[in-house]
Amino acid sequence: MEQDKLMTLLETAEIISREELLKKLEKSKETGQPLKVKLGLDPSAPDIHLGHTVPLRIMRAFQDLNHEVYLIIGDFTGRIGDPSEKAETRQQLTQEEVLANARTYEEQFSKILNPDKTNLVFNSSWFNEWQTEDFLQLATRYTVARMLERDDFARRYREGRPITILEFFYPLLQGYDSVAIKADIELGGMDQKFNLLVGRQLQREYGQTPQVLIMSPLLEGTDGVQKMSKSLGNYIGINEAPGQIYGKTMSIDDELLVRYFKLTTDFKTRELEKIIKEIEEGKIHPMEAKKLLARHLVAMYHGDEAAQAAEKEFENVFSRGELPSQMPEKIVQAEWLDESGEIDLISLLYKLELVESRSWGRRMLKQGAVYIDGERVKDQDTRICPKPSMIIRVGKRRFARLSVTQ
RNA sequence: GGAGGGAUGCCCGAGUGGCCAAAGGGAGCAGACUGUAAAUCUGCCGGCGCACGCCUACGAAGGUUCAAAUCCUUCUCCCUCCA
């Protein structure tokens, strides 16, 4: 049963190699020895989003099959920074920050993994013990030529962009993590392929049986093009408010629907196939399918009730154009007003932080995005007399209910 | 050590004296439409008591010029080739 679920999850993944995986699973069943499954985490970005959940859910499946699961916080490697075109030096996190981030991780992954059966490990716990010679030793295990096989390095080398030698250490250290815990399986995104392969190679060097790699596809973010990532701002975080998760999900491209269903949801295999078929054959309205997806996702991370509520709210606000049931209360300071108790609308929008600058406010006004108590206001010179409970709306998503101080 | 190339707005990327707040694309935002915060179309997209005005902005600091992202000097960082 659980094995089936795992297999379903693995359908979209690239595995190196399937045969080895089956062999390991079989052997584990025979000997009763659980497999060690590793997933590396970046200590600087502790917000888990739907993209992260893809490998995490595979991990959960392994957990349910009673294998041993290791989350490795790369606090030591984090000091180097994963090679990227940005080549920005990553700022070093303090011990406290690392711990705080780890705690956040723990809290978040508990929504997916079984926390009692999850080993959370810091890779500084071994690397901090290392002497200089140990690092040099490690460096003898890999060649520059092989390093340059990495797409990113190869491209940068070809294009004449900088690659520091330090960057070569990143895959080495991350790979060594697998040696340190004697991983049987390592999970990761497709973009981690090179690093994971280094792990395999290093294990061989250190006389271990190389780990099996399970690389999950990268989930496109809400922009539908680039992979979901926090820095691109196209992510749906599992810790976000239900309304946010619901709304952001509704904003993904219809094209992405099937992919999201496959990669992020917990529908049973048969159910999932049915939904996908209906979408592909046009039997279910894309909007309805997306609502189902949105509801399901909210329910996964916030429970059914929140999902119902989020859907209702969404329908009210966006389908029917009604006001949200809850609006942030914004306080109008008495000193903003002139003798007759008025203020020009642009200043008010700015002071209430409904717009980021006065120019922005002017633009919104010009574009007809501003409503006061449901009345569209377009005149830039409008002065208003703020009254308690007055409702100001900017665009589709920004609302404020006013209150006035003395 | 020598020779050459480069640094542009949130990102990518054009621009080599005025027409440049800076092409184009992406992202973002708004409006219309709708089936949704989808798609599509249109518009906006540095700031400012802002309709033609001013300020800030093209790695940094100076300079030439009526006028500089564009020319000169110095500096910082990056890259390539040779050694």
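Reminder, nothing fancy here: chain letters follow the sequence lines and each chain counts from 1. What you see below is based on every heavy atom in this structure, not just the backbone, and it leaves out hydrogens, waters and symmetry mates.
Where pairing requires Watson-Crick or G-U contacts shorter than 3.5 Å, the helical stems of RNA chain B with at least three consecutive pairs are B:1-7 with B:76-82, B:10-12 with B:24-26, B:28-32 with B:40-44, B:46-48 with B:53-55, B:59-63 with B:71-75.
Ionic pairing of A:R57 and A:D266 is present here: one or more N-O contacts between side-chain nitrogen and carboxylate oxygen are shorter than 4.0 angstrom. Using a 4.0 Å cut-off between charged side-chain N and carboxylate O, A:D338 and A:R383 make a salt bridge. Here A:R358 pairs with A:D344 in a salt bridge; the nearest charged N to carboxylate O distance falls below 4.0 Å. One finds a salt bridge joining A:R200 and A:E20 here, because a Lys/Arg side-chain nitrogen approaches an Asp/Glu carboxylate oxygen to under 4.0 Å. A salt bridge links A:R259 and A:E220; the closest N-O separation between the charged side-chain nitrogens and carboxylate oxygens is under 4.0 Å. The pair A:R398-A:E356 counts as a salt bridge, with a side-chain nitrogen and a carboxylate oxygen less than 4.0 angstrom apart. Taking a cutoff of 4.0 Å between a charged side-chain nitrogen and a carboxylate oxygen, A:E14 and A:K193 qualify as a salt bridge.
Rounded to a whole Å, the CD atom of A:E322 is 14 Å from the P atom of B:A37. A straight line from CZ of A:R398 to P of B:G28 spans 14 Å, rounded to a whole angstrom. Atom-to-atom, CG of A:D254 to P of B:A38 comes out at 10 Å; the value is rounded to the nearest Å. Atom NZ in A:K248 sits about 13 Å away from atom C1' in B:G28, given to the nearest Å. The NZ-P distance, from A:K291 to B:A37, rounds to 10 Å in whole Å. As a whole-Å value, the separation of A:H285 NE2 from B:A38 P is 14 Å. Between the CZ atom of A:R320 and the C1' atom of B:A37 there is a distance of 16 Å, given to the nearest Å. Following rounding to the nearest Å, A:L257 (CG) and B:U36 (C1') show an atom-to-atom distance of 10 Å.
Side-chain N or O atoms of A:K38 include none that pairs as donor or acceptor with a backbone N or O of A:A183 at under 3.5 Å. At distances below 3.5 Å, at least one donor-acceptor pair connects side-chain atoms of A:D75 with backbone N or O atoms of A:N123. For the pair A:D184 (side chain) and A:V212 (backbone), a donor-acceptor distance under 3.5 Å is absent.
Spacing between B:C10 and B:G6 at atom P, rounded to whole Å, works out to 24 Å. Nucleotides B:G2 and B:C75, compared at atom P, are 13 Å apart to the nearest Å. Across B:A22 and B:G46, the matching P atoms stand 9 Å from one another, rounded to whole Å. Of the C1' atoms belonging to B:C71 and B:A21, the separation is 22 Å, rounded to the nearest Å. Nucleotides B:U16 and B:U70 have their C1' atoms positioned 5 Å apart, rounded to a whole Å. Spacing of P atoms, B:A60 relative to B:C45, comes out at 24 Å, to the nearest Å. Rounded to a whole angstrom, the distance from the P atom of B:A57 to that of B:A68 is 13 Å. Taking the P atom of each, B:G28 and B:A38 are spaced 10 Å apart, rounded to whole Å.
Projected onto RNA chain B by closest heavy-atom contact, A:K290 and A:K396 fall at different nucleotides, the more 5' of which corresponds to A:K396. Along RNA chain B, the nucleotide nearest A:V225 and the nucleotide nearest A:Q244 are compared for position; the residue whose nucleotide lies closer to the 5' end is A:V225.
Counting any heavy atom pair closer than 4.0 Å across all strands shown, A:T249 reaches no nucleic acid atom. Within the nucleic acid shown, A:G243 comes within 4.0 Å of at least one base atom, counting heavy atoms only. When heavy atoms are screened at a 4.0 angstrom cut-off, A:F314 is found touching base atoms of the nucleic acid.
A heavy atom closer than 4.0 Å to some atom of RNA chain B occurs in A:S357, A:R358, A:S359, A:W360, A:R362, A:R363, A:M364, A:Q367, A:G368, A:A369, these being the qualifying members of residues 342-371 of chain A.
Under the 6.0 Å distance and 45° angle rule, A:R397 does not count as a cation-pi partner of A:F318.
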